[in-house]
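Working notes, beginning with the structure itself.
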Amino acid sequence: MNFKEYKNLDYGQVADEILKFWQDEKIFEKSIETREGNPTFTFYEGPPSANGTPGIHHVMARAIKDIFCRYQTLKGKQVKRKGGWDTHGLPVELQVEKELGITKDDIGNLKSPKYVSVEEYNKKCRETVMKFTDQWNDLTEKMGYWVDLDNPYITYENDYIESVWHLLKTLYEKGLLYKGYTIQPYSPAAGTGLSSHELNQPGCYREVKDTSLTAQFKVKLTGKSGFLFDAAESSNVYILAWTTTPWTLPANSALTVGKNIEYSLIKSLNPYTYEPVNVVLAKDLVGKYFNEKGKDGDFSKYNDGDKIIPWKEIFSFKGNFLEGIEYEQLMPYVQPESPAFRVIIGDFVTTEDGTGVVHTSPTFGADDFRVAQQNGIPSIFVKDENGKDVPIVNRQGRFVAEITDYANEPVKEAYLSEAEKEEQRIKQGRDKYLSVDERIAIQLKTENKAFNVQKFDHPYPHCWRTDKPVLYYPLDSWFIRTTAVKDKMIALNNTINWKPESTGTGRFGNWLENLVDWNLSRSRYWGTPLPIWRSEDSEEVCVGSLKELENGITHALKDDVLSAEQRAANEKFLALLKEGKEDLHRPFVDEVYLISASGKVMTRETDLIDVWFDSGAMPYAQWHYPFENKDIFDKAYPADFISEGVDQTRGWFFTLHAISSMISDSVAFKNVVSTGLVLDKNGNKMSKRLGNAVDPFETLKKYGADPTRWYMITNAQPWDNLKFDLAGITEVRNKFFGTLTNTYNFFALYANLDGYTPTGKLDKTIATELDQWILSKLQTLIKEVDESYNTYEPTKAGRAIQEFVGDHLSNWYVRLGRRRFWKGEVTADKQSAYETLAYCLKTIAQLMSPIAPFYGDWLYKNLTDTSTEGVQSVHLTNFPKADEAWINTDLETSMDLAQRICSLIHSLRKTNRIKVRQPLSKILIPILSEQTREQIRHVDELIKTEVNIKAVEYLNDASGVLSKKVKPNFKALGPKFGKEMKAVAAVITAMTADDLKALEENKTIALENFTIALEDVEIQTEDLPGYLTASDAGITVALDINITPELKQEGIARDFVNRIQNLRKDSGFEVTDKISIQLLDSDPEVTAGVVAFKDFISQEVQALSLEVVSELADGQEVEFEELTLTVKVAVL
RNA sequence: GGGCUUGUAGCUCAGGUGGUUAGAGCGCUACACUGAUAAUGUAGAGGUCCGUGGUUCGAGUCCACGCAGGCCCA
């Protein structure tokens, strides 16, 4: 076959051509079809949201996914990859709000001047979310990412939602879905919860002056707290905790400390009651509560009311010693249902303010709630009229009746009007209205329960609608009881292979250890509706399929409890349902009314579910499981492999894992690669705003997908952040792809000249040492690359291929073997060279194809006559299998020695300014072992050619000229001598030649009480007297630089060849052209050299005649050392 | 504030289980080479292996405490 030759290859164009070939020939489809019946390898695509344009980091993320899917395909697996789109959620909604110029308040709110119906709004969301799919699809193709874009799963489609509902119902039936509460910002004045988004509006946080209070919590004497009482030598010990919301103190049920914070026990007096107390607070904050002048003061001299209160630090200790200590309830209005009032450990405690101890009331703080849940601390609740648990402050922001002293009073002064305040003042019988906080402070002062009270300025969030302060307050929410399956999730996680491991054990593992229940509720419009219908007295039903919904509606229509409107709405929905035209989103599902067992109307809980549940449900929902495709699902679950950014650890990775653990008692994925970020070249985050974002389309077009992908994969490990620098792609393109293309071109050039088509079969009987060596290296490479891909280490694979191509194949095998290709007829030797090089190139094409899919295929196709071999594309081949029979480690060692020896000789020539074209007579190599001598002997022909030396001679001990040096081998000496190392090293360094000889003969020697064995030392040769020598890591080379007249002449001849070759090239002759040469006789030495080596020269430059003439009219002038020669070269 | 992670030459990165002289590529300087040439070879300059303390005969590597960057969470 004819091999195409290329000049100035454009890798962008290569990608375009191959992409067209893939599309025309349906190669992706074939890569799956041809694996039919084979074991499957399952990959799950984490769905991107198409409401934004793709960035360069998506190229990175998707290259990772692509690599392992392609690799597994090569390994014979059937790898189906279904694409997907994440379509619901807040980012979409916010974008639509922005486009429509509205806020959440305007949606479905008829009173608003900017009213937009939920129906219109959701319609807009549906359009917006798929706005950039074309761009995404385009990028996917151009970067060479193989994923099925024709049948993606889309989370807003009914089939998908139905599967999600099925999963929710399954959880519901397992008792894992429940209605609870979560602590959220709540505005009693407006009667509504606020999102964090709303709280971040400018002006929401305002400076206010609140009453802050440091309370004394009285420690109970138990085994755990005994050490405090012992140290204090007292029967009273208090823990100090600070709060800016004293009204929450009746709801206190725990104290939280930091496990690594240092706490002090201080003996002093209460500043209000002057009673002796022993208090615990963070050591760093002691100075804020105790005057330095009172330190170690005399308690006996203290009189009540003196300003300087004496105090004394008894001792200090870490916070974890406080864990589990019990204390007395501070304000015992309401009792908890289970044991409370314990010290617990929390990660949010600081020593910036307060005492380093956080007063914890689970009903009024998000941190408090979480840490209490994790530690099994109950909340302080009272029962409402329906027997339901409610907090001690009602929805109007007022205390419930059980808080007798403050019943029905608002916890914030701001909730009262001036008139109401006046009324209260009169009731209180004071000059001035005192807030609840102030009166609690007074009460605690008198009860010896307050250690410090003062006004405190701090920013506090306010409701943007009412301007009144918000409370952190428990609000209804639906939860998944992930805490119930925590142990299972941890156990399953331990079976997952995480890359890198630390993400699994650390980031993800810690997250699981501190798991709280999954809050599923979202009060929005565009998302999967929660399929739960409820009646006023809490009867409820969870709908798990469209069929159930249909039955429910049908059943409800038979009842006469429904109003006429409800009936009409139901009928409308039912009709659409039967036609398959229903929309399961709001507002339509909200218009469905069901009937409870006791005959009450049930309406849908208005919540939507967390979008993360959507994406975590994809293993099931992408196949509309269990309503369809059960067989496909069974084969494609769980995933063998997934990959996303490390930021998905608590996102998609978690939701996949949680849902799978609960539904199927299984992991959702067996291997996961969490990738790092793509930063700009200075290590800054890329952002469109800063203008440092790299356009993926431009990059792919300019540099090609393959160099871009190769650069990204080989420059840094996938899980490390990548500093993306376009200069790096250029380097990869020039160095790796350029070298590889040149190597291919070199092969193509000569194979075409000889009309040689490789058979693809290797023949050991004709393979030279050089062939055997590169083939041995290649087998090792196959093993290494296979292993790397198999263990999700693409960077290792790419770097290994790169090293092979650059250092071994191109720079050694081809460079040393060049002559074999361009010399003479096709002999066995030449044949072996062709077969070897073609085999290497084709194997490289396969090995690299997962990372560089276009180029790999391009190279493969260039080398393969697909009309005869039957396999169209590298992606349809089988991954090469290393042939152990070709691995020859001895030979690899030999070649390594050869490379090092050549390097040393080059270095010697360099320092003595003897060019490589000047032949030299010999080198001497001192040899310490017979094995090394044999290893070098194997390759000494190569060495001679490479460095232009006539002979390699070996020196051994017997020669008598060899002097040796001995060095301690610390690694061997260490375990033997330990502390005496320094003395032993000194003894070894001081060994005489006789000592060394004795050691070599007896394998051991006793010197100054030390017995030194042969393996305890490293023996090296010293420089040879009388020669130029160089050495490196145990190898010494001596070069004979004596240039005889014959050598000089040969040098001239070689120089002459070089000049003629240049002339041929400059004159544009073809490689095959035969020429005639005339040289003007101008320098006797040159003439003599040329004449002496006439045959050699003629052969080298393909000259049919070479004559020295005394006159040359139209010759060219050529620089030759210090001379100028005149020659004439003509094509015959 | 917490969890995880990174820190080695001007830049990008390698450096199993501790072993005394820390490497590669790019870039820079110089000299070669030139029928693979967007290459290649040789030599040179360039390092407080983030800091401090510890363990050890010996620490880039192990431990502790910090510093700086990153991600996630609060």
Side-chain angles (χ1 to χ4, degrees), chain A residues 7-9 258-261 346-352 366-367 370-371 500 502-511 513-514 645-651 674 676-677 679 681-685 711 714-717 719-723 725 727-728 730-739 741-750 795-796 799 802-803 806-807 810-811 814-815 818 821-822 902-911 913-917 946 967-975 977-985 1033 1058 1061-1062 1064-1065 1069-1071 1100-1102:
Chain A
K7 265 180 194 160
N8 300 323
L9 194 62
K259 69 172 179 233
N260 289 321
I261 295 174
D347 58 15
F348 57 91
V349 183
T350 73
T351 53
E352 274 166 30
D367 275 334
R370 178 172 55 87
V371 74
S502 60
T503 304
T505 54
R507 195 180 279 228
F508 196 67
N510 288 340
W511 166 247
E513 292 289 343
N514 294 311
V646 68
D647 54 340
Q648 293 293 337
T649 308
R650 294 175 183 192
S674 73
L677 265 62
L679 309 169
K681 63 178 173 184
N682 300 317
N684 299 312
K685 214 171 165 171
Y711 161 71
T714 56
N715 191 63
Q717 304 264 41
W719 36 87
D720 289 336
N721 290 348
L722 172 69
K723 288 181 188 167
D725 188 353
T730 307
E731 188 184 325
V732 159
R733 187 188 58 188
N734 293 353
K735 239 187 125 54
F736 175 64
F737 287 93
T739 305
T741 306
N742 280 337
T743 307
Y744 163 77
N745 267 335
F746 174 83
F747 166 81
L749 174 67
Y750 293 106
T795 308
K796 277 189 188 166
R799 285 176 178 170
Q802 209 164 268
E803 190 189 326
D807 294 355
S810 166
N811 202 28
V814 174
R815 191 156 59 83
R818 266 181 296 190
F821 291 89
W822 75 58
C902 287
S903 184
L904 289 170
I905 295 167
H906 278 303
S907 168
L908 286 172
R909 278 180 171 276
K910 156 78 190 154
T911 38
R913 300 185 167 274
I914 303 169
K915 55 177 80 172
V916 179
R917 275 198 297 267
E946 173 63 7
K967 273 178 67 181
N969 176 357
F970 289 95
K971 200 166 183 172
L973 290 166
F977 296 100
K979 292 192 184 199
E980 295 168 312
M981 180 67 98
K982 279 186 178 140
V984 180
N1058 167 250
Q1061 297 285 33
N1062 284 348
R1064 285 185 60 122
K1065 199 176 172 186
F1069 296 175
E1070 291 302 315
V1071 179
E1100 286 291 308
V1101 301
Q1102 304 186 59

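The chains referred to below are lettered A, B, ... by the order of the sequence lines, with proteins before strands, and numbering in each begins at 1.
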>> I need the A:Gln802 CD to A:Phe737 CZ distance, nearest 0.5 Å.
In response: 8.5 Å
>> Quick check: on RNA chain B, is the nucleotide nearest A:Arg370 upstream (toward 5') of the one nearest A:Arg815, or the reverse? Name the residue that is more 5'.
In response: A:Arg815
> In whole Å, what is the span from the CD atom of A:Gln717 to the P atom of B:C4?
Replying inline: 20 Å
> Which residues satisfy the ring pair (Phe, Tyr, Trp, His ring centres under 6.0 Å) test with A:Tyr750, sequence neighbours excluded?
Replying inline: A:Phe746
> What string of B, S and - do you get for nucleotides 64-70 of chain B, 5' to 3', when a contact is any protein heavy atom under 4.0 Å?
Replying inline: ------B
> Starting at CZ of A:Phe508 and ending at P of B:C71, how long is that distance when rounded to a whole Å?
Replying inline: 21 Å
>> Regarding A:Asp725, tell me which of base, sugar-phosphate or nothing describes its non-hydrogen contacts under 4.0 Å with the strands shown.
In response: nothing
> Would you say the side-chain atoms of A:Asn721 pair up with the backbone N or O of A:Gly676, donor to acceptor, closer than 3.5 Å?
Replying inline: no
> Just checking A:Ser810: base, sugar-phosphate only, or nothing, at a heavy-atom cut-off of under 4.0 Å?
Replying inline: base
>> What is the separation between atom NZ on A:Lys723 and atom P on B:G7, rounded to the nearest whole Å?
In response: 10 Å
>> Classify A:Asn510 by what it touches in the nucleic acid, base, sugar-phosphate, or nothing, heavy-atom distance under 4.0 Å.
In response: sugar-phosphate
>> My understanding is that a pair needs two contacts under 3.5 Å, Watson-Crick or G-U wobble. By that rule, which nucleotide pairs with B:U21?
In response: none
>> Say we look at B:C28 and B:G66: how far apart would their P atoms be, to the nearest angstrom?
In response: 44 Å
>> Any strand counts, and the cut-off is 3.5 Å on both contacts for Watson-Crick or G-U wobble. Which nucleotide pairs with B:A43?
In response: B:U29
>> Return whichever of A:Leu9 or A:Val349 has its heavy-atom-nearest nucleotide of RNA chain B closer to the 5' end.
In response: A:Val349
> Using atom P of each nucleotide, how far apart are B:A43 and B:G23 to the nearest Å?
Replying inline: 13 Å
> Do any N or O atoms from the side chain of A:Arg799 and from the backbone of A:Asn715 form a donor-acceptor pair under 3.5 angstrom?
Replying inline: yes
>> Which residues pass the side-chain hydrogen bond (donor to acceptor under 3.5 Å, both in side chains) test with A:Asp367, not counting sequence neighbours?
In response: A:Arg370
> P atom, B:G51 versus B:C67: distance in rounded Å?
Replying inline: 15 Å
>> Suppose we define a pair by two distances each less than 3.5 Å, Watson-Crick or G-U wobble; what does B:U37 pair with here?
In response: none
> CG of A:Leu749 versus P of B:A36: gap in Å, rounded?
Replying inline: 8 Å
> A:Arg818 CZ to B:U37 P: how many Å, rounded?
Replying inline: 11 Å
>> Looking at B:C26, I'd like to know if its phosphate oxygens (OP1 or OP2) sit under 4.0 Å from a side-chain N or O belonging to A:Lys735.
In response: yes
> Between A:Leu679 and A:Lys685, what is the shortest heavy-atom contact and its length?
Replying inline: CD2-CA, 3.9 Å
> Rounded to whole angstroms, how far apart are CG on A:Leu722 and P on B:U12?
Replying inline: 11 Å
> Considering only the P atoms, how many Å lie between B:C49 and B:A59, rounded to the nearest integer?
Replying inline: 13 Å
> Between B:C71, B:A36, B:C13, which nucleotide has the shortest distance from any of its atoms to the side chain of A:Val814?
Replying inline: B:A36
> How far, in whole Å, is B:U29 from B:G18 if one measures between their P atoms?
Replying inline: 42 Å
> Atom CG of A:Asn510 and atom OG1 of A:Thr505: how far apart are they, to the nearest 0.5 Å?
Replying inline: 8.0 Å
> In Å and rounded to the nearest 0.5 Å, what is the CG to OG1 distance from A:Asn745 to A:Thr741?
Replying inline: 7.0 Å
>> Both distances below 3.5 Å, Watson-Crick or wobble geometry, any strand: find the nucleotide opposite B:C65.
In response: B:G51
>> For the P atoms, the ones on B:U8 and on B:G69, what distance do you get once it is rounded to whole angstrom?
In response: 15 Å
> From A:Arg733 CZ over to A:Leu9 CG, what is the distance, rounded to the nearest 0.5 angstrom?
Replying inline: 10.5 Å
>> Looking at every non-hydrogen atom in both residues, tell me the closest pair between A:Tyr711 and A:Asp725 and how far apart they are.
In response: OH-N, 3.0 Å
> Looking at the side chain of A:Asn715, which of B:A74, B:U12, B:A38 is the nearest nucleotide?
Replying inline: B:U12
> NA contact type, A:Gln802, heavy-atom cut-off 4.0 Å: base, sugar-phosphate, or nothing?
Replying inline: nothing
>> Regarding A:Thr743, tell me which of base, sugar-phosphate or nothing describes its non-hydrogen contacts under 4.0 Å with the strands shown.
In response: base
> A:Asn811 CG to B:U40 P: how many Å, rounded?
Replying inline: 8 Å
> Can you tell me if the side-chain N/O atoms of A:Asn742 get under 4.0 Å from OP1 or OP2 in B:A38?
Replying inline: no
> When you compare B:U40 with B:U6, how far apart are their P atoms, in angstrom units rounded to a whole number?
Replying inline: 33 Å
> Which whole-number value in Å describes the distance from A:Phe736 CZ to B:A39 C1'?
Replying inline: 15 Å
>> Need one value for A:Phe821: base, sugar-phosphate or nothing, where a base atom within 4.0 Å counts as base even if backbone is also close, heavy atoms only.
In response: nothing
>> Give me the distance, rounded to whole Å, that separates B:A22 from B:C50 when you measure between the P atoms they each carry.
In response: 15 Å
